[in-house]
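Right, one structure below, let's go through it.
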Amino acid sequence: MTESPGEAPGGARRLRLGTELAQIAEQLVALARGQNRLHELYEAVISRDQDLSASWS
């Protein structure tokens with residue numbers, strides 16, 4: 001396999017790709033944590049809303 005001029009050697013390119021994939025994985029984990037937190041907040045708001053509705057009944 002011949003590399004084009006200006007293209008990083010195969011090993012360096014794979015290393016860069018691996019680094020980028022690791023960063024993407026970290027971002028996905030952070031997004032999942034944020035999504036879980038939003039879900040918890042949503043449940044808390046719904047629970048509070050139901051408590052308020054019950055007190056007005």
Side-chain angles (χ1 to χ4, degrees):
M1 184 161 99
T2 310
E3 295 173 0
S4 325
E7 185 177 302
R13 198 168 101 212
R14 281 191 297 274
L15 181 60
R16 187 175 62 239
L17 179 59
T19 301
E20 290 174 9
L21 288 173
Q23 290 171 345
I24 291 169
E26 289 174 10
Q27 292 171 351
L28 288 172
V29 168
L31 285 171
R33 286 185 187 132
Q35 183 180 20
N36 286 338
R37 183 64 182 137
L38 284 173
H39 182 69
E40 291 168 359
L41 291 171
Y42 174 77
E43 286 180 338
V45 168
I46 294 299
S47 175
R48 187 177 67 178
D49 185 49
Q50 289 172 348
D51 291 344
L52 288 174
S53 295
S55 68
W56 284 97
S57 304

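Predicted model, so just to flag it, every value in this text is computed and none were measured. Side chains included, hydrogens not; waters and symmetry mates left out as well; all remaining heavy atoms used.
- In this structure, Gln27 has no side chain to side chain donor-acceptor pair (under 3.5 Å) partners at least two apart in sequence or on a different chain.
- Although no hydrogens or angles enter the test, the distance criterion places a donor-acceptor pair under 3.5 Å between the side chain of Thr19 and the main chain of Leu15.
- In this view, Glu40 and Arg37 satisfy the salt bridge (Lys or Arg N to Asp or Glu O under 4.0 Å) rule, not counting sequence neighbours.
- Side-chain contact between Leu31 and Gln35 is absent, with no heavy-atom pair separated by less than 4.5 Å.
- Under the 4.5 angstrom side-chain criterion for Ile, Leu, Val, Met, Phe, Trp and Tyr, the cluster partners of Tyr42 are Ile46.
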